[in-house]
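To find a chain, count down the sequence lines: A is the first, B the second, and so on, and within it residues start at 1.
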Amino acid sequence: MKARVLISPKKGIADPQGTAVEQALHTLGFAGVRAVRVGKVIDLELPEGDHTAALAALTCMSEQLLANTVVEAYSCTILDEGA
Amino acid sequence: MKARVLISPKKGIADPQGTAVEQALHTLGFAGVRAVRVGKVIDLELPEGDHTAALAALTCMSEQLLANTVVEAYSCTILDEGA
Amino acid sequence: MRFAVAVFPGSNCDVDAYRALHDVLGRDVEYLWYRETDLSGFDGVILPGGFSYGDYLRPGAIARFAPLMEAVVRFAGRGGMVLGICNGFQLLTEAGLLPGALLRNRDLTFLCDTVPVRVENADTAFTRCCQNGQVLRLPIAHGDGNYAVDAATLAVMEQRGQVILRYCAPDGTVDEQHNPNGSVANIAGIINGQGNVAGMMPHPERAAEELLGGTNGLFILQSMVQELERRQHEASRC
Amino acid sequence: MKLPGAERTARVGLTDAEYARIVELVGREPGDLELDLFGVMWSEHCSYKTSRPLLRLFPTTGAAVLQGPGENAGIVDIGDGLAVVMKVESHNHPSAVEPYQGAATGSGGIIRDIFTMGARPVAMLDSLRFGDLGEARQRSLFRGVVKGIGDYDNCMGIPTVAGEVGFDDSYTGNCLVNAMCVGIIRHTDIKRGAATGVGNPVILVGATTGRDGMGGASFASVDLTAASQERKSAVQVGDPFLEKLLLEACLELFRTDAVVGIQDLGAAGLTSASCETAARGGMGIDLDVALVPRREDGMVPAEVMISESQERMLVIAHQGREEEVQCIFDKWGLNAAVIGRVTDDGMLTIRNGDVVVGQVPAKALAEQAPLRHPEAVRPAWQDDLLDLDVTRLQQQDDWTGTLTALLGTPTIASKEWVYRQYDSVVRTNTVIGPGSDAAVLRVDGTDHGIALTIDGPGRMCLLDPATGAAMAVAEAARNLVCSGAKPLALTDCLNFGNPEKPEVFWQFSQAVVGMSEACRKLRIPVIGGNVSFYNETGASAIVPTPVVGMVGVVEDLAHICRQGFGEPDSVVVLLGANTDELGGSEYVRVATGRRAGRVPLLDLEREKEVQELCLTGIRRGLIRSAHDVSDGGLSVTLAESCISGQMGADLSLPAGIRPDALLFGEAPSRIVVTVGAGDLQALVDAAVEMGVPLAVLGTTGGTLLNIDVSGKSLVRAPVVDLAAAWSGSLPQVMSV
Ligand SMILES: Nc1ncnc2c1ncn2[C@@H]1O[C@H](COP(=O)(O)OP(=O)(O)O)[C@@H](O)[C@H]1O
Ligand SMILES: [Mg+2]
């Protein structure tokens with residue numbers, strides 16, 4: 001099954017990259033854009049099986065490897081049922 | 001309103017980060033994980049207004065700046081209605 | 001003959017390029033601030049290495065919209081010579097002046113080294129002082145040098161001789177073992193279809209003095225100088 | 001007697017006695033905000049209250065010293081009207097929490113210390129310590145720290161040219177990350193961090209201010225503690241792009257004469273920058289926190305004053321030049337806000353809009369923290385460490401195997417895995433980059449160069465802190481000499497455990513004494529430094545780790561040396577003498593699992609003579625390569641010279657010493673050099689004249705390293721095999 005982990009800088013953690021993108025968007029004329037935060041999206045495929053177990057595995061992967069939990073928050077979702 | 005742009009490597013384009021993450025996950029014992037692709041998630045806030053116009057603006061930002069369409073695909077979503 | 005070395009916020013090999021052209025080759029060089037819009041009076045433009053806009057989002061993604069880049073696009077359109085080195089190469093692909101894109105290095109780490117590269121086409125304005133097949137030792141220093149392009153475009157580029165430099169073994173053999181960053185077909189440098197815009201990850205400007213470990217980069221820089229001399233000569237004949 | 005407000009004092013980490021002193025200095029009970037300021041400024045980190053009395057032992061003067069300790073960085077003359085500005089600083093604790101950002105902001109902080117003096121930074125160095133790389137956590141710290149340093153320095157366009165990495169279990173909970181920055185400046189361009197001239201504007205430039213990096217500070221007010229608690233863990237995030245702009249903007253600003261004084265914002269942020277500049281200038285500063293550009297809402301004055309948001313500087317400009325300053329920072333897209341004025345009352349006055357929220361003497365905050373004199377007691381276990389029965393070390397046959405294994409231990413193995421991630425050549429001044437004993441940079445517009453190194457042989461310091469610290473100085477100087485430079489000055493970073501423990505304070509005092517003595521004997525002044533205490537988790541402290549960063553001058557770039565054997569048929573010569581000492585060596589650690597034994601004798605007179613001979617030989621063009629004997633001993637030095645030069649050598653060592661001590665003992669004051677056969681006599685003559693022992697070991701050439709003793713081959717191996725063990729080790733360990 002397909003799954004997705006979204007990883008973003010935690011609230012209160014500075015995001016210089018987000019700031020730079022925000023400024024660039026302003027320069028391009030998108031004046032109203034605010035609060036830009038840049039994170040990562042990790043798409044992956046898991047063996048078919050139980051959703052709850054899959055989510056537990058994703059959480060485990062995120063805690064151990066995918067996210068740096070000192071500065072990043074993450075969220076996991078199962079995207080579909082079929083292969 | 002809050003919006004999100006997801007950016008991922010296009011099919012057929014190498015994804016060194018995805019490959020590295022997949023290998024690391026295998027090493028950690030998540031043997032069944034496949035097809036890992038690492039992209040970016042960009043969260044931002046737009047002035048309240050029309051959804052269609054907002055999506056058009058997001059597409060414009062993505063084409064021009066947020067994604068490099070030579071190697072990346074993107075998708076835009078409005079996350080909520082209220083401020 | 002006047003060279004412009006572009007300076008974007010975050011450029012940092014602008015100095016390296018300036019020194020090689022000015023101090024070593026004795027050429028007329030000027031730094032050009034990214035807000036400038038006028039390239040008249042310049043014959044060649046160097047887009048230097050570094051981290052324009054901190055490489056945020058993607059290397060070159062934000063610098064591409066600098067006012068100076070509009071002038072560079074026009075300059076290139078008129079046939080002006082543009083060399084993008086490292087971050088400059090990334091910028092040229094982002095701006096659409098060169099095909100393809102530069103992804104994170106295969107091993108995901110920044111790589112500082114001096115590596116052999118083979119000259120694939122010595123019949124260009126940027127390589128005319130070299131021989132086909134000649135192996136140059138050039139410094140590299142990048143985190144995103146993994147050249148990617150779709151197969152169809154690559155086929156056309158190969159056919160037209162647009163690949164000018166490839167990573168190789170010291171004896172010139174091109175193989176995966178001597179590909180430092182995972183670039184498709186070991187590509188280290190390319191040129192556009194018109195032959196006036198080139199981009200490369202290796203730093204020729206850092207290989208211009210014996211004291212600093214070698215002068216192989218001069219083959220590239222001298223080629224540019226010769227081409228511009230040739231152009232001047234031609235212009236004066238008309 | 002308990003003073004009123006004493007429980008507030010404990011909250012900001014001060015003692016009752018310190019509180020009493022504050023009341024005396026301020027002339028009344030301090031308010032909450034005022035107490036917060038004292039809390040951070042009188043912390044060990046900012047005030048050096050425990051270390052200062054001892055640091056006075058260091059020799060800090062000399063003909064070449066233009067600025068000793070006390071400013072943001074030290075400055076030493078290198079001739080031609082030019083000077084080197086340098087400083088090393090620790091970022092150990094932040095790196096242990098978040099290795100990438102901790103190391104990155106460590107680089108950022110030390111770079112600001114250099115350009116705040118008016119200098120352009122030209123080189124970075126780093127000294128790192130971790131626990132056992134067999135543990136995943138240690139690998140991830142190592143990986144994160146190296147990437148953090150690389151990403152920051154590379155983006156700044158400052159070459160990282162040298163460094164060192166060591167491993168020991170004592171660093172498991174306390175990795176060490178010491179960063180050093182070196183700048184070059186004209187004497188006439190030196191800036192200082194002093195606020196002078198009544199009415200002159202105080203301008204905060206660079207990044208906006210948020211609640212970052214207040215993890216170290218506790219607050220006197222209970223409310224505030226609650227509000228800040230949530231952010232206490234907030235990791236400081238480095239923005240090298242912004243710092244690059246700040247650097248260029250400041251250097252551009254210095255080309256005008258609008259600046260009176262300037263100081264970076266480091267620990268204790270605006271508080272330390274304002275009270276220190278005021279105190280140095282003998283003036284006061286009156287500032288309004290409402291004028292500070294912020295990136296977060298609802299910050300109270302104490303948070304603004306104490307925030308450690310990165311990439312900010314405090315500029316004191318001449319009155320009337322505000323617009324000019326503004327203009328330059330505008331050009332670089334940076335904030336510049338006039339937040340106050342210089343006054344003549346000696347007070348740091350803090351307003352929030354119209355309301356004065358705090359007012360204390362600037363000098364009291366910056367300079368008058370009462371000194372502490374903790375007890376120093378030699379640890380009871382010190383003698384156990386010294387106890388090593390070398391007769392029980394097995395005298396086996398396979399010395400080649402032992403050497404190969406030693407070459408692969410992380411502490412000795414090639415650090416290319418690290419320095420490949422650093423741009424070591426940007427700005428095109430790097431003549432010798434990482435991979436030799438010292439880095440050499442050319443000095444623009446002259447024939448001269450500077451050589452740089454950073455060293456901290458911690459293994460010896462545990463066994464004998466005084467000798468170990470002296471060895472750090474000796475080894476740094478020796479490394480510079482091997483590259484062809486005359487050592488000029490040093491900056492140090494003293495990494496220790498909790499100084500309130502008498503054993504730790506004993507280690508610290510011993511180390512300072514040892515270092516001072518070495519500096520005096522070798523005539524190398526200390527021009528700045530940093531102390532990092534409290535490097536311990538649970539009950540265990542790190543091994544004492546004094547680290548020395550040193551600069552030397554290369555008179556003529558035509559005469560420099562690398563460590564590799566460069567030409568075949570060169571004569572290999574040992575300067576100095578071998579001893580049978582094995583204490584503290586990596587060999588003993590591998591063989592017994594202990595860091596043990598008496599450290600080898602360090603004879604500073606001998607050290608000096610060996611160095612002088614080597615430098616003379618290089619300057620006279622006799623010596624072709626030079627590499628000192630350090631970690632792993634003589635055989636490792638010889639192997640490294642073979643590997644670096646991709647060339648073998650056929651050698652025979654003087655007999656009379658047990659083979660393991662001969663091959664692996666780490667006695668100091670030894671350098672392996674090569675000379676052309678025709679130059680050998682000249683070198684021998686010089687050695688005799690200077691009274692330095694010297695031994696001809698053999699010749700370079702071929703593809704094998706062969707080491708004989710009394711006609712019997714002890715070590716015999718293809719250089720490619722040794723190279724594989726040495727170069728392959730870290731990449732392999734880190735690929736897991
Ligand atoms: N963290 C590091 N950063 C940059 N260079 C490093 C680092 N660690 C080691 N090096 C380089 O690797 C080489 C060997 O280091 P080291 O064994 O500590 O040398 P030495 O024993 O001569 O002091 C030196 O050139 C040094 O500068
Ligand atoms: Mg050495």
Side chain, backbone, both or neither: which part of [X] has a heavy atom under 4.5 Å from chain D?
X: C:Asp16; value: both
X: C:Glu205; value: backbone
X: C:Tyr56; value: side chain
X: C:Arg19; value: side chain

Discussion item. For D:Thr105 and D:Gln310, which I'm curious about, is there any donor-acceptor pair between the side chains at under 3.5 Å?
Written reply: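 Their side chains do not contain a donor-acceptor pair, so the 3.5 Å distance test is not met.
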
Worksheet entry | Distance-only polar pair, side chains of D:Asp423 and D:Asn154, donor-acceptor under 3.5 Å |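 No.
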
Can you tell which of [options] has the highest number of heavy-atom pairs within less than 4.5 Å of chain C?
options: D:Asn429, D:Ile432, D:Leu557; answer: D:Asn429
options: D:Gly150, D:Gly157, D:Ser424, D:Cys155; answer: D:Cys155
options: D:Glu248, D:Met156, D:Lys331; answer: D:Lys331
options: D:Lys244, D:Arg420, D:Lys147; answer: D:Arg420

Worksheet entry | Within 6.0 angstrom of D:Gln646 CD, more than 12 heavy atoms from elsewhere |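 Atom CD in D:Gln646 is not packed in, count stays at 12 or less.
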
Worksheet item: Any chance CD of D:Glu555 has more than 12 other-residue heavy atoms, nucleotides or ligands included, within less than 6.0 Å?
Response: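 It does not: D:Glu555 CD has 12 such atoms or fewer within range.
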
Fill in: Non-hydrogen atoms of C:Ser183 and C:Asn181 that approach each other most closely
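It is OG-OD1, 2.8 Å.
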
Worksheet entry | Non-hydrogen side-chain atoms of C:Tyr167 and C:Pro202 separated by less than 4.5 Å |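 Sidechains of C:Pro202 and C:Tyr167: in contact.
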
Worksheet item: Salt bridge between D:Lys415 and D:Asp126, side-chain N to carboxylate O under 4.0 Å?
Response: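 Salt bridge absent between D:Lys415 and D:Asp126.
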
Fill in: D:Arg143 portion near chain C, given a 4.5 angstrom heavy-atom threshold
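Answer is neither: D:Arg143 stays 4.5 Å or more from chain C.
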
